[in-house]
Amino acid sequence: MTNKFEGLKLQKTNYPSEGERIIRNDKGQIETNYPVIPYIEGDGIGPDITKAMKLVIDTAVTKAYGTSRKIYWWEIYAGEKSYNFFGEWIPEDTMEAIKYFKIAIKGPLTTPVGGGIRSLNVAFRQKLDLYACIRPVRHFSGVPSPLKAPDKVNMIVFRENTEDVYAGIEWEAKSPEALKVIDFLKKEMGKSIRLDSGVGIKPISITGTKRLMRMALKYAINKGKKSVTIVHKGNIMKFTEGAFRKWCYETALEEFRDFIITEEELFDQYGGKAPEEKIIVKDRIADAMFQQILLRPEEYDVLVTPNLNGDYLSDALAAAVGGLGLAPGANMNDEIAFFEATHGTAPKYAGLDKVNPGSMILSAVMMLEHLGWTEAAELTIKAMEETIKSGTVTYDLARQMEASKEVSCSGFAKAICEKM
Ligand code: NAP
């Protein structure tokens, strides 16, 4: 097949026939009106939710812009489908496509058992250096929640994605490697560890921390957010989590001085009342933060966390507003944005057209916002909110809501389109 995309080299995948590569203007805004968006439909329930997502997003884009904007969806492969086609879980073509087009979206992927791959999601993050995992969390009216006032939750988590105990540097108890590290620590550093311990390394770097904080602050400035909160366990782990806190503050003070004040300055210099246009940078110890999201969620907007804290916190927040079925996410670096449904493949529901496509649809809404297509994003959110409020929901929400009408995955997508 002919290739109209200069510099794109694929081995096994067909080239996209229509659409454009995204371009950015001087201010970094995306200007393309007909972008190629590579998508991976995913395993298990992936095909059902991807189909639902594409219907909703295409309808919103047409309603918002007529024919002046359009997404050219282009399928790329990973997971079981890829393994069946090409004998590879993530083909090189897929990585190449994401690097080239800079935006992509994916359904959930099976984690292969054995075969040397820890997780396909981790492989994407590491190979593309997608250093920030971004999870916005808000409540949709009508969705059952364990909180008294879930509508007060409106936060976005920026979780570091490449370091911390998730770096994958660990050794099994009693392995020669673990014993060697234990021996080194004893002889060279004077630190004792039980000989039958597994050992893991927790690296947190200046580079990894500062680029994350920079991204979070830029987001807060662009979106007019009121605060950025650093969440850490620095009281105990001083040179990793404590340093994370310190480097985050340094980034804020050295690079964003005109836009921010610290919480300390808020009380020392402003009598506790923040000037309108300033973002307050504050920090909370992780355990206290878990209390805060339940007790005073309205005081938090943007959260910046090391990898492990962020993992726990994103899921706890999602549960607080009604569960993972509606939690969107993206993995990003300064160039690439890779959007994803945050739940797994739920294999028992595969092909049944049953599950909630909300997480995938809301991830695509993040993508519309990333493109700067705010009207289509808002239209989708509003229509989804109205659909849920009217009690038209998939099984997972229907079983928790008294007056509801259960619809299929595709039925939910159609209902959203009808509300637009
Ligand atoms: P899971 O696929 O998330 O499913 C667990 C349960 O969550 C489901 O049985 C279902 O609950 C509910 N659920 C998940 N998605 C839903 C949706 N869209 N709508 C309604 N309910 C939904 O977790 P798992 O069973 O532990 O993992 C299965 C596979 O997915 C594994 O291979 C795992 O490695 C992989 N995984 C992939 C990702 C990813 O690609 N991002 C993330 C996590 C897991 P009920 O049974 O109560 O209805």
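First listed ligand is number 1; within each ligand, the first listed atom is number 1. As the structure is a computational prediction, the values presented were derived from the model and not from experiment.
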Does atom OH of Tyr72 have more than 12 heavy-atom neighbours, drawn from other residues, nucleotides or ligands, at distances under 6.0 Å?
yes
Looking only at distance, does Pro347 have an N or O less than 3.5 Å from an N or O of ligand 1?
no
When you measure from atom 14 (C) of ligand 1 to every protein heavy atom, which one gives the shortest distance, and what is it?
His343 CB, 3.9 Å
Sole candidate of Val302, Asp301, Ile293 that passes side chain to side chain contact (heavy atoms under 4.5 Å, CB included) when paired with Met155:
Ile293
Heavy-atom distance from atom 5 (C) of ligand 1 to the protein below 4.0 Å?
no
Does anything in residues 139-149 form a side chain to side chain donor-acceptor pair (under 3.5 Å)? List the pairs, not counting sequence neighbours.
none
For atom 3 (O) of ligand 1, closest protein heavy-atom neighbour
Gly344 N, 2.7 Å
Side chains of His232 and Asn309: is there a donor and an acceptor less than 3.5 Å apart?
no
Taking both backbone and side-chain atoms of Arg399, is any N or O found less than 3.5 Å from an N or O belonging to ligand 1?
yes
From atom 27 (O) of ligand 1, is the closest protein heavy-atom distance below 4.0 Å?
no
Please step through side chain to side chain contact (heavy atoms under 4.5 Å, CB included) for the pair Tyr300 and Gln292, ending with a clear verdict.
CA-CA 9 Å; Tyr300 300 92; Gln292 297 284 296; 2.5 Å; yes
Nearest neighbour in protein (non-hydrogen) for atom 29 (C) of ligand 1:
Thr345 OG1, 3.0 Å
Contact between ligand 1 and Lys354 is defined here as a heavy atom of the residue under 4.0 Å from a ligand atom; is it met?
no
Pair Glu340-Asn331, side-chain donor/acceptor within less than 3.5 Å:
yes
Between Glu385 and Lys389, does a salt bridge (charged side-chain N to carboxylate O under 4.0 Å, His left out) hold up when you go through it step by step?
CA-CA 6 Å; Glu385 195 154 37; Lys389 216 168 166 180; over 6 Å; no
Protein heavy-atom contact under 4.0 Å for atom 21 (N) of ligand 1?
yes
Using a distance threshold of 4.0 Å (strictly less than), state whether atom 32 (O) of ligand 1 has a protein heavy-atom neighbour.
yes
Got a sec, which residues hit side-chain hydrogen bond (donor to acceptor under 3.5 Å, both in side chains) with Glu378, two or more places apart in sequence or on another chain?
none
Lys4 to Tyr15, cation-pi by 6.0 Å centre distance and 45° axis angle
no
Check the side chains of Glu375 and Tyr65 for a donor-acceptor pair under 3.5 angstrom, ignoring hydrogens and angles.
yes
Kindly confirm or rule out an N or O of Leu109 lying under 3.5 angstrom from an N or O of ligand 1.
yes
For atom 2 (O) of ligand 1, the option (of Gly44, Gly358, Ala346) bearing the nearest heavy atom:
Ala346
Would you say the side-chain atoms of Thr110 and Glu80 include a donor-acceptor pair closer than 3.5 Å?
yes
Heavy atom of protein closer than 4.0 angstrom to atom 43 (C) of ligand 1
yes
Please check atom 24 (P) of ligand 1 for a protein heavy-atom neighbour under 4.0 Å.
no
Can you check which of Asn121, Val355, Leu397 brings a heavy atom nearest to atom 17 (C) of ligand 1?
Val355
Out of Asp396, Leu120, Asn356, the nearest non-hydrogen contact to atom 18 (N) of ligand 1 is supplied by Asn356
Those atoms of ligand 1 less than 4.0 Å from some heavy atom in Thr111
32 (O), 33 (C), 34 (O)
Check: Tyr395 N/O within less than 3.5 Å of ligand 1 N/O:
yes
Counting heavy atoms not belonging to Lys218, are there more than 12 under 6.0 Å from its NZ?
no
With a 4.0 Å cut-off on heavy atoms, is Lys348 touching ligand 1?
yes
